[in-house]
Amino acid sequence: MANGHEIELKLAASPQMLAQMRLMDVLRTEGRQKHFSTAYYDTADRRLAAAHLALRVRNDGTACEITLKRAATGKAVSRAEWNAPLDGAELDLGALPPEAARLVIKAAKGADLAPIFSLAIDREVRTVAFGRSRIELAFDQGAVSAGAQTQPVCELELELVSGSLRDLLGLARALPLGPDLYWSTTSKSAAGYRLADGIASVAVKARPVRLPVNVGTRAALRHLVWASIGQCLANADAVTRASLPEGLHQMRVALRRLRAALRLAHEMLGDADASILDAEWDAALGLLGTARDLDVILDRLGKGKKGTRTQADVRAAIEQERVQAYAAVVQFVHSAAFQQLLVGTVQWAEGLGAPRPEDAPLGQASRALLKVWRRKLRRRSAQLGDASPDARHRVRIGLKRLRYATEFFTSVARDPARKALDRLRLDRLAEAQAHLGDLNDLDVGAALGARLTGDPLHRAAIVEALEAAAHARRRDVPKLVAKAQAAVDVALAKRRDIDLRGSAKQR
């Protein structure tokens with residue numbers, strides 16, 4: 001019987017890549033072959049899945065085992081796991097450790113548990129030394145089945161047996177990451193549920209940040225980086241498989257949150273590598289921008305009145321551009337550069353290490369830095385009505401960074417008044433960001449035209465239509481600027497100048 005946290009990184013692979021990696025020197029060692037079948041259990045209305053639990057019974061032909069896993073809440077490579085042997089292949093919750101059994105019983109709420117889907121996997125297990133660590137490799141090929149539906153499984157799992165997570169990530173970076181081998185956080189159980197229930201990929205929003213009490217600055221930054229990377233990976237399927245606009249939006253949100261964390265690391269710790277990573281992620285966000293702009297434009301067109309045949313043609317041209325833009329996004333997300341940047345960023349975060357004597361306490365350091373950020377933005381946003389569209393856009397980006405950073409550190413505030421002030425500022429930052437976003441949309445046409453790749457006549461028609469639509473809406477500019485200014489003034493005001501009660505009532 002065992003329980004604890006499994007530290008595992010999974011790489012989705014093509015069959016050809018999996019065969020190639022079996023021959024790589026860094027992975028070559030004696031292995032053992034296994035074949036196992038696994039049944040996953042849940043209630044008819046999926047109560048375990050809703051509680052982020054996966055319950056399975058595995059049979060390898062010689063022994064049976066029951067396992068409960070709970071989805072990761074912090075690092076995207078760590079999950080709580082409980083295992084216990086079974087006398088047979090029938091489900092027996094009594095075999096689980098009491099803590100695990102209680103989790104299942106609480107989640108099921110008296111409903112019957114039944115098999116939902118199954119796995120049949122051929123696995124080769126190897127254990128290698130890398131750095132100062134021992135890492136178990138699992139080369140998996142097989143299929144997940146639900147009724148008459150099946151889906152292939154082909155992946156390499158790297159599990160830390162002993163040593164450091166940084167070594168595990170280092171081994172991943174030594175592999176040929178790219179289109180045929182990329183980091184995936186979609187578990188076999190998640191794939192099975194989607195197959196059984198016919199559920200398409202879904203977009204995943206960021207979870208609220210709750211930093212532990214008295215957490216150190218380095219540990220907090222490490223937590224923020226992992227949370228952002230986890231959200232990015234959680235939206236990968238929604239972007240690459242389903243081209244979901246909300247999935248791409250949430251992936252970009254995750255990367256903007258990551259950039260805020262990297263900027264904090266650079267300024268709070270003086271970490272030069274954080275600044276380099278920030279610049280690399282800025283470039284990555286730029287490569288995702290065209291598809292997002294087209295999503296926004298199509299959404300706005302869809303909310304308008306039924307248009308003319310010309311407008312329908314423009315919409316069709318935009319949709320064609322969107323298909324090409326998403327193809328470029330998929331290619332980039334699965335590229336070696338993007339995958340190396342993902343793994344390299346969390347490897348850097350793991351390298352931040354333990355607290356150092358020169359580190360200021362997190363509460364003190366974060367408050368001082370956010371105060372500086374607000375002061376700088378206060379100067380830049382004092383007269384939004386007189387600012388150029390480009391200057392307003394830069395203010396908007398700065399407000400986003402401040403909003404994410406404020407959100408990160410709200411959980412460590414102990415003073416109720418401070419928490420109330422943070423919530424007010426977050427509300428006004430979101431409001432200002434929305435109004436400035438509307439203003440930015442009015443100027444997106446000309447900038448977007450240079451990034452389109454389709455037929456030149458279509459590109460010209462799209463830009464002309466966008467500029468015509470923007471012209472019709474420019475009468476709203478003074479109102480939007482006034483609303484943005486009012487929200488910004490409250491969000492960036494000094495603490496002594498904010499009336500919490502009065503400001504909270506202003507909308």
Side-chain angles (χ1 to χ4, degrees), residues 12 14 17 177-184 186 200-204 231-256 259 280-304 306-342 393 397 437 440-470:
S14 67
M17 177 56 72
L177 299 176
D180 292 319
L181 185 71
Y182 53 88
W183 191 356
S184 173
T186 302
S201 301
V202 295
V204 178
Q231 187 196 1
C232 175
L233 289 167
N235 284 286
D237 276 0
V239 173
T240 61
R241 292 179 182 270
S243 298
L244 287 182
E246 183 62 16
L248 180 60
H249 173 57
Q250 292 302 328
M251 178 179 280
R252 283 167 50 82
V253 168
L255 296 183
R256 290 198 183 282
R259 289 196 63 208
E280 291 177 332
W281 282 114
D282 183 32
L285 269 165
L287 292 172
L288 304 179
T290 300
R292 176 59 185 165
D293 286 343
L294 291 168
D295 283 336
V296 172
I297 290 165
L298 283 170
D299 181 61
R300 291 193 178 279
L301 289 176
K303 292 178 179 178
K306 189 173 182 180
T308 64
R309 175 62 183 271
T310 301
Q311 290 170 323
D313 290 343
V314 168
R315 183 181 181 89
I318 295 174
E319 288 174 340
Q320 289 178 12
E321 288 283 350
R322 180 183 182 276
V323 170
Q324 296 180 47
Y326 265 85
V329 167
V330 172
Q331 183 178 19
F332 176 60
V333 168
H334 285 166
S335 70
F338 188 86
Q339 293 298 315
Q340 286 285 352
L341 187 53
L342 277 173
H393 178 63
I397 296 301
N440 184 66
D441 289 346
L442 297 178
D443 300 296
V444 76
L448 180 62
R451 289 183 274 137
L452 300 180
T453 60
D455 180 272
L457 292 177
H458 284 175
R459 295 204 306 266
I462 291 170
V463 172
E464 183 179 353
L466 294 178
E467 290 179 344

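Among residues two or more places apart in sequence or in another chain, the side chain to side chain contact (heavy atoms under 4.5 Å, CB included) test is passed with A242 by S201, L244. For D180, there are no side chain to side chain donor-acceptor pair (under 3.5 Å) partners two or more places apart in sequence or in a different chain. Applying the ring-ring contact (aromatic ring centres under 6.0 Å, His included) criterion to H393, with sequence neighbours excluded, gives no partner residue. The side chain to side chain donor-acceptor pair (under 3.5 Å) test applied to R322 returns D295, not counting sequence neighbours. A search for side chain to side chain donor-acceptor pair (under 3.5 Å) contacts involving Q250 returns Q231, E246, not counting sequence neighbours.
The aromatic rings of Y182 and H334 lie parallel to each other, their planes meeting at an angle below 30°, with 60° marking the opposite boundary.
Residues V329 and A291 come closest through the heavy atom pair CG2-CB, 3.9 Å. Heavy-atom minimum distance, V239 versus V330: O-CG2, 4.2 Å. Closest approach of M251 to V333, counting heavy atoms only: SD-CG2, 4.2 Å. The two residues A254 and C232 have their closest heavy-atom pair at CB-N, 3.5 Å. The two residues L294 and A325 have their closest heavy-atom pair at CD1-CB, 3.9 Å.
Under the 3.5 Å distance criterion, the side-chain polar atoms of N235 are matched with a main-chain donor or acceptor of V204.
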L248 vs Y326, side-chain contact (heavy atoms from CB on, under 4.5 Å): CA-CA, chis, key distance, verdict: CA-CA 9 Å; L248 180 60; Y326 265 85; 3.5 Å; yes

Under the side-chain contact (heavy atoms from CB on, under 4.5 Å) rule, what do Q339 and L342 come out as? Steps first, then yes or no, please. CA-CA 5 Å; Q339 293 298 315; L342 277 173; 4.0 Å; yes

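If you take CD on E321 and CG on D293, they are separated by 12.0 Å, rounding to the nearest 0.5 Å.
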I'd like a table of donor-acceptor pairs (distance under 3.5 Å, sequence neighbours excluded) in which one partner is a side-chain atom from residues 280-288, with atom names and distances.
residue : atom : partner : partner atom : Å
W281    : NE1  : T345    : OG1          : 3.0
D282    : OD1  : R259    : NH1          : 3.2

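Atom CD of E319 has more than 12 heavy atoms from other residues, nucleotides or ligands within 6.0 Å.
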